[in-house]
Amino acid sequence: MRLAESVTFGGGALDRAEDLRRDPDALAALPARVLPLWRGKPLLDAGRAALDWVAPDVFAEEGATVLLGRADGMALFARDVSALDVAGGTEGVGGFVDASEQTHPDLPAGTAFGELRRVMTRLTPLDAELAATAKGMLEWHRSHGFCANCGTATQIGKAGWIRVCPNCARSHFPRTDPVVIMLVTRGNSVLLGRAPSWPEGFFSCLAGFMELGETLEAAVRREVREETGVRVGRVDYLASQPWPFPGSLMLGAWGHAESEAIVVDPDEIAEALWLTREEMMEVFEGHHPRVQAARNGAIARFLLENWLADRLD
């Protein structure tokens, strides 16, 4: 798909500076700036359209710090400051919709910690890639602090890109969970579903985690069949999207359905339906009486919009 890397969190061309991870002296010699994140929410500028950075000594005693990469001769880091006592409402933090913002007196005036999903489409591709990397990496450190082999607390190495067990010497590396997300079509129609935990009217493409020993194509067919009973034949790969909520890689595929009857698995899907192209246009225009459009910035919306525009080549 020629437009694949125009998806949100794609195409930022971040220099991830792997050489600096192995050379602490060279890393220390570079000027640096730090992106603080509070409970996974990056610090945003006053206009809420760009990341805001601080000096390396700001909140230096807080949580894990990870090298994100290099830009304009500077080393870029992310730092977990979730333990800070912040000002601002916390209602909705971590929920499906988080409109809250948090501030701290040691931060630049007008800046605030904001939910990445609310601003991701307003960020530049590089800022979006930096934010996604920062959020995913810090969540990995938060949830993988102990050795899976012996249970000992692990130590951070390689500027945050490895955790090493001091007891059994096992090395642990950041993980990402592959998820297939499917644009399933049959003729002029597309298949959408709503998860039980989603708000009424919120529909999206079907998706599910891949299993060990499974190809992308097999995962697409299995997930669609398990969730809706629809059989898929041909499968084409379209695009991918890092999705740091908390740490997935969405693998966008085009599944060509060979059946239409829907039988949902209520544990996985609250409801599923077929919509024609004309109905999907109503959805994106906000005129459909039942279905709301997928979240702006999500790969589901990206795939659906490009399907409508005949740009899946």
Side-chain angles (χ1 to χ4, degrees), residues 5 7-28 30 32 34-37 39-42 51 56 60 62-71 74-83 116 126-181 207-216 219 237 239-252 299:
E5 288 191 287
V7 67
T8 305
F9 302 133
L14 171 64
D15 174 4
R16 292 175 173 258
E18 196 277 337
D19 57 311
L20 295 179
R21 303 175 196 172
R22 295 178 283 107
D23 192 340
D25 292 334
L27 179 58
L30 286 180
V34 175
L35 175 67
L37 287 88
R39 298 193 189 179
K41 301 169 71 169
L51 303 179
E62 292 296 325
T65 300
V66 176
L67 174 67
L68 301 176
R70 175 174 42 205
M74 300 189 71
L76 306 179
F77 293 87
R79 178 171 294 152
D80 187 357
V81 298
S82 299
L116 181 55
L126 179 57
D127 267 7
E129 185 175 349
L130 285 162
T133 304
K135 180 174 170 61
M137 284 293 293
L138 294 182
E139 172 60 22
W140 175 72
H141 280 288
R142 187 197 67 79
S143 58
H144 289 77
F146 295 87
C147 179
N149 186 52
C150 71
T152 302
T154 52
Q155 300 170 347
I156 295 177
K158 286 193 175 181
W161 286 87
I162 189 174
R163 297 190 72 97
V164 179
C165 178
N167 181 53
C168 70
R170 182 70 63 91
S171 297
H172 303 275
F173 298 90
R175 61 170 293 167
T176 186
D177 297 314
V179 176
V180 287
I181 182 163
F209 289 98
M210 293 186 64
E211 296 184 349
L212 288 171
E214 192 171 43
T215 65
L216 180 146
Y237 170 77
S240 64
Q241 180 187 46
W243 192 245
F245 306 102
S248 297
L249 176 64
M250 310 298 291
L251 302 172
I299 191 172

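The structure displayed is predicted, hence computed values, not measured ones.
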Which heavy atom in [X] sits nearest to a heavy atom in [Y], and how many Å separate them?
X: P242; Y: L249; answer: N-CD1, 3.9 Å
X: A83; Y: E62; answer: CB-OE1, 3.7 Å
X: R79; Y: G63; answer: CG-O, 4.1 Å
X: I299; Y: A239; answer: CD1-O, 3.7 Å
X: L67; Y: A17; answer: CD2-O, 4.1 Å
X: A71; Y: L76; answer: CB-CD1, 3.8 Å

Salt-bridge present ([X], [Y]; N to O < 4.0 Å):
X: K135; Y: D80; result: no
X: R175; Y: D177; result: yes
X: E139; Y: R142; result: yes

Taking the side chain as every heavy atom from C-beta outward, state whether [X] and [Y] have any atom pair closer than 4.5 Å.
X: P42; Y: L116; answer: yes
X: L30; Y: L20; answer: yes
X: W243; Y: I181; answer: no
X: F77; Y: P56; answer: no
X: L130; Y: L14; answer: yes
X: L27; Y: D25; answer: no
X: F146; Y: C165; answer: no
X: L251; Y: V179; answer: no

Is it the case that the side chain of W140 and the backbone of P246 share a donor-acceptor pair, with hydrogens and angles ignored and the cut-off at 3.5 Å?
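Here the side-chain-to-backbone pair does not exist.
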Say whether, by atom type as modelled, one donor and one acceptor occur between the side chain of E129 and the main chain of G12 under 3.5 angstrom.
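Checked: pair present.
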Does CD belonging to E214 count more than 12 external heavy atoms closer than 6.0 Å?
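Enclosed.
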Tell me if the CZ atom of F245 is crowded by more than 12 foreign heavy atoms within 6.0 Å.
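Yes, because the 6.0 Å sphere around CZ of F245 holds more than 12 heavy atoms from other groups.
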Modelled atom types, side-chain donor and acceptor of R163 and H141, under 3.5 Å
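The criterion, which ignores hydrogens and geometry beyond distance, is satisfied for H141 and R163.
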Taking atom types as modelled, is there a side-chain donor on T154 or R170 under 3.5 Å from an acceptor on the other?
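The answer is no; no qualifying pair exists.
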Distance, nearest 0.5 Å, that separates [atom1] of [X] from [atom2] of [Y]:
X: L126; Y: D15; atom1: CG; atom2: CG; answer: 10.0 Å
X: M250; Y: Q241; atom1: CE; atom2: CD; answer: 7.5 Å
X: D19; Y: R70; atom1: CG; atom2: CZ; answer: 4.5 Å

Show, in sequence, the C-alpha distance, side-chain angles and deciding distance for V81 and L37, and conclude whether the side-chain contact (heavy atoms from CB on, under 4.5 Å) test is met.
CA-CA 6 Å; V81 298; L37 287 88; 5.7 Å; no
Stepwise, does the side-chain contact (heavy atoms from CB on, under 4.5 Å) test hold for T133 with R16?
CA-CA 10 Å; T133 304; R16 292 175 173 258; 3.0 Å; yes
Show the numbers, then the answer: is there a side-chain contact (heavy atoms from CB on, under 4.5 Å) between H144 and H172?
CA-CA 9 Å; H144 289 77; H172 303 275; over 6 Å; no
With sequence neighbours excluded, what pairs up with S171 under the side-chain contact (heavy atoms from CB on, under 4.5 Å) test?
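Result, side-chain contact (heavy atoms from CB on, under 4.5 Å) vs S171: I162, V164, F173.
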Pairing residues for R39 by the side-chain contact (heavy atoms from CB on, under 4.5 Å) criterion, not counting sequence neighbours
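For R39 the side-chain contact (heavy atoms from CB on, under 4.5 Å) partners, ignoring immediate neighbours, are S82, V93.
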